[in-house]
Asks: 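Please read through the structure below; I'll follow up with questions.
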Amino acid sequence: MRLTPRALCSAAQAAWRENFPLCGRDVARWFPGHMAKGLKKMQSSLKLVDCIIEVHDARIPLSGRNPLFQETLGLKPHLLVLNKMDLADLTEQQIIPMVTELIGRSHRYHRKEVSERPLMFLLDTPGVLAPRIESVETGLKLALCGTVLDHLVGEETMADYLLYTLNKHQRFGYVQHYGLGSACDNVERVLKSVAVKLGKTQKVKVLTGTGNVNIIQPNYPAAARDFLQTFRRGLLGSVMLDLDVLRGHPPAETLP
């Protein structure tokens, strides 16, 4: 996105946070309990499968990978697709021809050719996380992409980490989307602006010396929820959450 000259100047001069506070986050409870069941089901289905397509979210190509995938299944994927949203577009032009070629030259699967103009069957499996999240920051990335349930992590915490990441990599799409005056590194101020912009407010009773008074306050959880959903729908532009890892910087707060 293009910021106005004033906002661009402010963003360039802003002192963004150099790190995100990660202490005290309980990562162990973030892991969904159905993953082991999913892996067992995948193992039992292998005898029906001639070719595996491993699909990843392009926003977290490293954090989203399960290092035990190949070891658990005992079979390497033939194909790797880096964006699950592109799968439908790629299927006819690239995936089907490549799968046909891979199966056709495989010495293991010559029991019947699998394709008729081409006739193929797709066996979809659930997404499977690694049984252990290696770091708090990795857990936050997974949560931002909807892999971990929002309420387990906290929507406001996730919104703060998203804001931190966007500013750190100079992805200021949120400024234009919400009509903010400039980029900002304070999540409370950003969520307040989002809440006011969207009309997400709530009445709160405040005890004073003369009795209870109703005041209108921004609905911060609702604003955080909208911020997260806007990111997930791609309305803030292309955002690579694993950019630091790809540049050789390990995730912060690696767990023992």
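Side chains included, hydrogens not; waters and symmetry mates left out as well; all remaining heavy atoms used.
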Asks: Checking the side chain of Arg171 only, and the main-chain atoms of Ser238 only, is there a donor and an acceptor separated by less than 3.5 Å?
Replies: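 Yes: the side chain of Arg171 pairs with the backbone of Ser238.
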
Asks: Can you list everything that forms a salt bridge (charged side-chain N to carboxylate O under 4.0 Å, His left out) with Glu156? Sequence neighbours excluded, please.
Replies: none

Asks: Could you pull out the closest heavy-atom pair between Ser63 and Thr138, with the gap in Å?
Replies: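 Smallest heavy-atom distance, with atoms named: CB-CG2, 3.9 Å.
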
Asks: Taking the side chain as every heavy atom from C-beta outward, state whether Val213 and Ile215 have any pair of such atoms under 4.5 Å apart.
Replies: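 Val213 reaches Ile215 side chain to side chain.
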
Asks: With the side chain counted from C-beta on, respond yes when Met240 and Pro61 share a heavy-atom pair under 4.5 Å apart, and no when they do not.
Replies: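 Touching, per the 4.5 Å side-chain cut-off.
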
Asks: Does Val136 belong to the same Ile/Leu/Val/Met/Phe/Trp/Tyr cluster as Leu149, with side-chain heavy atoms less than 4.5 Å apart forming each link?
Replies: yes

Asks: Rounded to the nearest 0.5 Å, what separation is found between the CE atom of Met158 and the CG atom of Asp160?
Replies: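 Answer for the CE-CG pair, Met158 versus Asp160, is 12.0 Å.
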
Asks: What residues form a side-chain hydrogen bond (donor to acceptor under 3.5 Å, both in side chains) with Asp185, not counting sequence neighbours?
Replies: Arg17, Asn167

Asks: One thing to verify: whether Lys141 and Asp57 come together as a salt bridge, which I'm taking to mean a side-chain N less than 4.0 angstrom from a carboxylate O.
Replies: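 The answer is no: the pair does not qualify as a salt bridge.
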
Asks: Over all heavy atoms of both residues, which pair between Trp16 and Ala183 is shortest? Give the atoms and the distance, please.
Replies: CH2-CB, 3.6 Å

Asks: Quick one: does Arg225's side chain have a donor or acceptor within less than 3.5 Å of a partner on Glu155's backbone?
Replies: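 No, because the side chain of Arg225 does not come within donor-acceptor range (under 3.5 Å) of the backbone of Glu155.
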
Asks: Tell me if a side-chain donor or acceptor on Asn214 pairs with a main-chain N or O of Lys203 at a distance below 3.5 Å.
Replies: no

Asks: Between Leu191 and Ala223, which heavy-atom pair has the shortest distance, and what is it?
Replies: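 Nearest heavy atoms, Leu191 then Ala223: O-CB, 3.4 Å.
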
Asks: Following the transitive rule for hydrophobic clusters with a side-chain heavy-atom cut-off under 4.5 Å over Ile, Leu, Val, Met, Phe, Trp and Tyr, establish whether Leu162 and Leu198 coincide in one cluster.
Replies: yes

Asks: Under 4.5 Å between any side-chain heavy atoms of Phe227 and Leu236, yes or no?
Replies: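 Side chain of Phe227 against side chain of Leu236, heavy atoms only: contact under 4.5 Å found.
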
Asks: Can you run down the side-chain hydrogen bond (donor to acceptor under 3.5 Å, both in side chains) pairs that involve residues 186-201, sequence neighbours left out, and say none if there aren't any?
Replies: none

Asks: Show your reasoning for whether side-chain contact (heavy atoms from CB on, under 4.5 Å) applies to Leu140 and Thr157.
Replies: CA-CA 9 Å; Leu140 286 168; Thr157 296; 4.1 Å; yes

Asks: I'd like to know if the side chain of Asp242 and the backbone of Val245 have a donor-acceptor N/O pair within less than 3.5 Å.
Replies: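 Flag not set: sc Asp242 to bb Val245 has no pair under 3.5 Å.
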
Asks: Between His169 and Val239, does the side-chain contact (heavy atoms from CB on, under 4.5 Å) criterion hold? Intermediate values first, please.
Replies: CA-CA 9 Å; His169 299 307; Val239 180; over 6 Å; no

Asks: Taking ring-ring contact (aromatic ring centres under 6.0 Å, His included) as the definition, give me every residue that meets it alongside Tyr161, ordered by chain and number, with sequence neighbours left out.
Replies: Phe20, Tyr164

Asks: Using 4.0 Å as the upper bound for N to carboxylate O, is an ion pair formed by Lys168 and Asp244?
Replies: yes

Asks: Would you check, one step at a time, whether the test side-chain contact (heavy atoms from CB on, under 4.5 Å) holds for Phe172 with Leu166?
Replies: CA-CA 7 Å; Phe172 302 119; Leu166 293 173; over 6 Å; no

Asks: Identify, with sequence neighbours excluded, every residue that meets salt bridge (charged side-chain N to carboxylate O under 4.0 Å, His left out) alongside Asp226.
Replies: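 For Asp226 there are no salt bridge (charged side-chain N to carboxylate O under 4.0 Å, His left out) partners, ignoring immediate neighbours.
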
Asks: Please enumerate all residues that pass ring-ring contact (aromatic ring centres under 6.0 Å, His included) together with Tyr178, with sequence neighbours excluded.
Replies: none

Asks: Quick check: is Val187 connected to Val196 through a chain of hydrophobic side chains (ILVMFWY, heavy atoms under 4.5 Å apart)?
Replies: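 Per the 4.5 Å side-chain linkage, Val196 and Val187 are not co-clustered.
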
Asks: Minimum heavy-atom separation for Leu163 to Cys184, with atom names?
Replies: CD1-O, 3.4 Å

Asks: Check for me whether Arg59 meets the cation-pi criterion with Phe231, that is, NZ or CZ under 6.0 Å from the six-membered ring centre and within 45 degrees of the ring axis.
Replies: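 Verdict for Phe231: a cation-pi partner in Arg59.
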
Asks: So, for Val153 and Ala143, which heavy atoms are closest and what is the spacing to 0.1 Å?
Replies: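 Closest pair (atom of Val153, atom of Ala143, distance): CG2-CB, 3.8 Å.
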
Asks: Going by heavy atoms in the side chains, are Gln202 and Ile216 under 4.5 Å from each other?
Replies: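 Heavy-atom side-chain distance check fails, nothing below 4.5 Å.
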
